[in-house]
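Comments concern the structure below.
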Amino acid sequence: MFKNNEYILKGDIEIRGEFAFMMRKLKLIFDTGWEIYYIAGIVGSIQGVCIEPEKSNIEPFKIFSNEINNHESEIKMSYIICMLLTSPEDEKKENAFKYYTPFEGNEAASERSRENCRVFNKYVLGGIKFLYDNLLNDNVSQDIKKENYKIDDEDKLIKAIHAFVGKININVEPGEINESLLE
């Protein structure tokens, strides 16, 4: 499912199987693949939908590393929310704010980061399925016009995310990991 991407902010993302099909359909609503990936991580976590990746001959849906790099803070926020919602209580802060990237010379820490990213990507799949099922079900015509289903108020989503983060008393600036939270 996520080829060549052991960490959330490293390399291209290739979404495979039925989820590649769903991503193409969701692009009728969202402008870019990174937006779907970002929102799906949050939605999957909130809804508690975690799906194992699958192998398939369907052409993968690709999100290129330059898109990931250009939207690092948003994707990192999605990952942080996922880890805070889904990690065991005693691991929440470390998983959310520390273990998402490789650790030079520390294979155990790097493996924990890889496992957290695998978990996050399973919630992304759950979010993709949830979004697809709830926005593009069988009752929706195949000739959907993007404008008819456009999410008009992106600020509303961003405000909801910031309100959520505020409720759990975390102060994270975009693009910044607050190491003091690990103490």
Side-chain angles (χ1 to χ4, degrees), residues 1-23 26 30 33-56 60-65 67-69 71-104 106-134 157 160-162 164-165 167-170 172 174-179 181-182:
M1 180 335 277
F2 291 96
K3 182 180 177 194
N4 297 330
N5 193 31
E6 294 183 315
Y7 305 100
I8 61 165
L9 302 172
K10 304 283 183 201
D12 297 345
I13 296 171
E14 290 187 3
I15 299 173
R16 299 179 176 276
E18 69 177 315
F19 302 100
F21 170 81
M22 291 178 196
M23 288 288 286
L26 286 167
F30 299 94
W34 80 264
E35 289 175 314
I36 301 167
Y37 182 78
Y38 157 70
I39 291 170
I42 296 169
V43 169
S45 302
I46 290 171
Q47 295 298 321
V49 183
C50 184
I51 298 176
E52 290 290 329
E54 64 177 36
K55 294 184 179 180
S56 170
F61 182 93
K62 295 181 182 181
I63 306 170
F64 295 103
S65 60
E67 278 189 277
I68 300 300
N69 294 337
H71 301 284
E72 180 178 326
S73 64
E74 293 95 334
I75 293 169
K76 198 179 294 183
M77 180 60 76
S78 180
Y79 170 84
I80 288 169
I81 291 170
C82 178
M83 290 296 111
L84 290 173
L85 288 173
T86 64
S87 294
E89 195 63 40
D90 61 335
E91 297 177 4
K92 285 182 187 296
K93 289 180 181 177
E94 284 189 337
N95 286 348
F97 299 102
K98 184 176 181 182
Y99 292 106
Y100 63 91
T101 190
F103 287 82
E104 186 84 24
N106 187 339
E107 186 53 37
S110 291
E111 179 52 37
R112 183 169 173 184
S113 292
R114 283 190 293 274
E115 180 56 30
N116 285 347
C117 293
R118 284 189 286 270
V119 168
F120 173 69
N121 285 329
K122 290 176 186 179
Y123 281 102
V124 168
L125 291 179
I128 291 168
K129 175 124 177 67
F130 184 89
L131 290 168
Y132 180 82
D133 288 348
N134 286 280
L157 174 64
I161 291 167
H162 283 284
F164 169 77
V165 171
K167 281 182 186 176
I168 54 177
N169 295 320
I170 294 175
V172 178
E176 173 187 300
I177 297 298
N178 190 340
E179 294 293 331
L181 293 170
L182 298 175

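Checked against salt bridge (Lys or Arg N to Asp or Glu O under 4.0 Å), K129 has the following partners two or more places apart in sequence or in another chain: D133. Applying the side chain to side chain contact (heavy atoms under 4.5 Å, CB included) rule to E107 yields the partners S110, E111, R114; only residues at least two apart in sequence or on another chain are considered. Take V43 and apply the side chain to side chain contact (heavy atoms under 4.5 Å, CB included) test, not counting sequence neighbours, and it matches I39, Q47, F130, L131.
In terms of heavy atoms, M23 sits closest to I36 at SD-CG2, 3.3 Å. Looking at every heavy atom in both residues, Y123 comes nearest to C82 through CD1-SG, 3.7 Å.
Rounding to the nearest 0.5 Å gives a distance of 12.5 Å between CD of E91 and CG of L84. With rounding to the nearest 0.5 angstrom, the CD1 atom of I128 is 7.5 Å from the CG atom of L26. Rounding to the nearest 0.5 Å gives a distance of 7.5 Å between SG of C117 and CE of M83. Interatomic distance, CD1 of I81 versus OG of S45, reported as 8.0 Å (0.5 Å rounding). Rounding to the nearest 0.5 Å places CG of L125 at 7.0 Å from CD1 of I15. In this structure, the separation between CG on N116 and NZ on K98 is 12.0 Å, given to the nearest 0.5 Å.
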Evaluate the side-chain hydrogen bond (donor to acceptor under 3.5 Å, both in side chains) criterion for residues N121 and Y79: first the C-alpha distance (whole Å), next the side-chain angles of each, then the deciding distance (0.1 Å), finally the verdict.
CA-CA 9 Å; N121 285 329; Y79 170 84; over 6 Å; no

From CA spacing to verdict: side chain to side chain contact (heavy atoms under 4.5 Å, CB included), I51, F19:
CA-CA 10 Å; I51 298 176; F19 302 100; 3.6 Å; yes

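Salt-bridge formation is not detected for the pair E54/R16: no Lys NZ or Arg NE/NH1/NH2 atom is positioned less than 4.0 Å from an Asp or Glu carboxylate oxygen.
In this structure, N95 and R112 have side chains that are in contact, with non-hydrogen atoms separated by less than 4.5 Å. Side-chain contact between Y37 and H71 is absent, with no heavy-atom pair separated by less than 4.5 Å.
Between the side chain of S78 and the backbone N or O of E74 there is no donor-acceptor pair closer than 3.5 Å. At distances below 3.5 Å, not a single donor-acceptor pair connects side-chain atoms of K122 with backbone N or O atoms of E52.
The environment of K62 atom NZ is sparse: at most 12 non-hydrogen atoms of other residues, nucleotides or ligands sit within 6.0 angstrom.
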